K.L.:
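Structure in C-alpha cells, see below.
Since the model is a prediction, treat every value here as computed from it, not as a measurement. For reference, positions follow the sequence shown, starting with 1.
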Amino acid sequence: MQRLLIVCCALSLLYFCQTSQAGDKNKTEFGHKRAYEGMLIEPTLPVATDVPDRILLSWKQNPANSFSVTWRSKAGADAVAEIAPAEAGPQFVMKARLVRGKTSKLKTNLGTVHMHAATFTDLEPGTLYAYRVGSRRTVPLSEEEQKGVEPATADYAWSEWLQYRTAQESEGDVVAPVSFVYVGDAQNDVKSHWSRLIRESFRDAPRMTFMLHAGDLVNRGNNDQEWGEWFYSGDWIFSTVPQLAVPGNHEYDRDRIAAGPGVDDDEIPKTLSRRWAQRFEFPENGPKGSTENIFYVDVQGVRIIGLDSNRDPETQKEWLEKVLQNNPNRWTILTHHHPIYSSSVRRDNPELRKIWQRLYEKYNVDLVLQGHDHSYGRTGPISLQLSRKLETEENVATGLRVADQSGGPVYVVSVSGPKMYELKQYPAEAIQTDPFRRRAQGKQLYQVITVEQDRLVYQAKTVTGKLYDQFTINKDKEGKNIFEDQAPPLED
C-alpha cells in the first residue's frame, strides 16, 4: 500500500511538471509583447443589409421634448421610424405614430451604404418612450413569408423596439440630477480593449442621462471597419443612451475615395470624416461653416458646449463668447479634444490657453473635459488671475495651483482605450506650479459625473470599476464654487 502511494505521488509530480512545462511553452509561444496590442482591424458586422444596424441616439433639438436617431442600411432611400409612450405590455404599438426619416448615401472603403436619420418631436418631458427604426426592403418577402405579417413588416425591415426617457424641462436650474459618463480616446484596439470599459461604465451608471466622447473615437475616421468595432463595443447602449461627441484629430482623415485612383496620400488633405454629420445628429447651432462638430446643448440646467480643437480656435472665439455670455444655466461644461494643460510628454497647446482659456475664466466655466494625451490628468480650480509663467521643457505658460475657494475651471484629460503615453515630468524646482493634482499613466479610465442643483460630483474609475479620483464642487447662491478634493490615496 505504501509503495502504491509512492508511485501515485511520483506520477502526479511527473504530470504536474509536464503540464507546467506545457504552460510555460504556451506562454513563450503566445505571450504578449506589449499591452497595446495593435490588433488587426477585422470586419465586425461590416456588410450592411436591409435590416437597420449601428443605431445611435443623440440630441438635435431640445432634449426635454425631442430626440434623434441615426442608423444605416444597404440600400433604399425610404427610411421610417415609429414611436409611442412605453407601457407595461405590448399594447403600446397600437398608439405608435410614424416619422419619416431622411437618407443620404455614404461611400466607404467597404462599399456604398445608406445613412438614415429621424428626429422625434412634440414629446413629453421626463417620459419613457419606445421607438424603432425601419428601412424599406430591397429584397421582397416571399408570398409565404408575407402570410400573417402586417403591411409594415412586409414593406420594411425593422430594428427591435428600444426605450428612452426624455429629459426634464429646464429654465436654467437643475430640475433633476444630470448623470453622464465621459471618456477620452478609444481610438485603438476598440473591439478588443475598449469594449470592456464602455460596458463597465454602463453597469456603473445604467441610468445615466447621456455619454460624452472627447474625440478620437476611432483611429482612422474614414475606415468603416473601425466604426464597426466602435458600434460592436457600444452595441445597444448607443441606441438607448444619447451620445455626444466632438471630433479628435483622428476623425480628420484623408478622403481617398473622394480623391479617386492614382492620387498620392501626400496630396490628399485631412478633412473631417465624411460620415460625421451623417452619423451624429447634433444641434446645428455652431458657427457658420460648422457641420455638427461645434455645438451646444442645454439639459436640465447644464450647458454642454462642444468645440473642435482641430480647427483654428480664433474662428470659434466669437461664437463661443456669445454662447457663454447668453447662458441661462447654472452649470457650464466644455469639451474639446486637445487639452488646455497637457499631461503627456512633448505635447502642449499654448494657443488654446491664449484664445479659449480666458473666456472660460471670464464666464465661470465649471469643468473642461478633454482627451488626446493618452494619459490622465486632473487639476484643481485654476484662475488665470492667479496664474504665472512657468519655465517648463516647452518654455510655456502654465497655471498655478490655487486655493480651493478661488474659483476657475477644473481641467481633466483622460484616456479610455489601450494606447498609453508617458506622463510629462515638470521640473523639480517648479513642482508647486504643476497644474495637476492627480495624474496617471497606463490606466484605462471612465468618468461618472453627476450634477445637482448646487453640487457637481466627479469620479474617475478604472476599467475594473475601482475609484481612482474624485472631487466635488459646491455652488452657493451667488454662483461661487467651493472645491473639495476627495481623491483616494494612491496605491503603491
K.L.:
Please work out whether the ring planes of Trp356 and His336 are parallel, tilted or perpendicular, with thresholds of 30° and 60°.
P.N.:
tilted
K.L.:
Over 60° means perpendicular and under 30° means parallel, so classify the ring planes of His116 and His114, tilted if in between.
P.N.:
parallel
K.L.:
Does the Thr166 side chain pair with the main chain of Glu124, one donor and one acceptor, at a distance under 3.5 Å?
P.N.:
yes
K.L.:
Under a 4.0 Å threshold between the charged nitrogen and the carboxylate oxygen, would Lys419 count as salt-bridged to Asp189?
P.N.:
no
K.L.:
Please work out whether the ring planes of Trp230 and Trp227 are parallel, tilted or perpendicular, with thresholds of 30° and 60°.
P.N.:
perpendicular
K.L.:
So do Leu212 and Phe210 actually touch side chain to side chain, heavy atoms under 4.5 Å?
P.N.:
yes
K.L.:
How are the rings of Tyr421 and His374 set relative to one another: parallel (under 30°), tilted (30 to 60°) or perpendicular (over 60°)?
P.N.:
tilted
K.L.:
Report yes or no: do Asp78 and Thr103 form a side-chain donor-acceptor pair below 3.5 Å?
P.N.:
no
K.L.:
Under a 3.5 Å distance rule, please check whether Thr127 uses its side chain to pair with a backbone N or O of Pro125 as donor and acceptor.
P.N.:
yes
K.L.:
Checking ring pair (Phe, Tyr, Trp, His ring centres under 6.0 Å) for the pair Trp161/Tyr129: CA distance, chi angles, key distance, verdict?
P.N.:
CA-CA 10 Å; Trp161 285 97; Tyr129 286 90; over 10 Å; no
K.L.:
So Phe67 and Tyr164, ring pair (Phe, Tyr, Trp, His ring centres under 6.0 Å) or not? Walk me through it.
P.N.:
CA-CA 9 Å; Phe67 68 92; Tyr164 167 66; 4.9 Å; yes
K.L.:
Run Tyr131 and Phe120 through ring pair (Phe, Tyr, Trp, His ring centres under 6.0 Å) and show every step you take.
P.N.:
CA-CA 9 Å; Tyr131 79 93; Phe120 302 107; 5.7 Å; yes
K.L.:
Between Arg220, Gln225, Glu226, which is the residue that forms a side-chain hydrogen bond (donor to acceptor under 3.5 Å, both in side chains) with Asn109?
P.N.:
Gln225
K.L.:
If we ignore hydrogens and angles and just use 3.5 Å, is the side chain of Trp331 paired with the main-chain N or O of Gln453 as donor and acceptor?
P.N.:
yes
K.L.:
Could you state the interatomic distance from CD (Glu284) to NZ (Lys60), rounded to the nearest 0.5 Å?
P.N.:
3.5 Å
K.L.:
Name the residue from His372, His338, His337 that meets the side-chain hydrogen bond (donor to acceptor under 3.5 Å, both in side chains) definition with Ser309.
P.N.:
His338
K.L.:
Under 3.5 Å, side chain of His250 to main-chain N/O of Asn219, donor-acceptor pair present?
P.N.:
yes
K.L.:
Report the C-alpha distance between Leu324 and Leu334 in whole Å, list the side-chain angles of each, state the deciding distance to 0.1 Å, and finish with yes or no for side-chain contact (heavy atoms from CB on, under 4.5 Å).
P.N.:
CA-CA 10 Å; Leu324 290 171; Leu334 264 121; 4.2 Å; yes
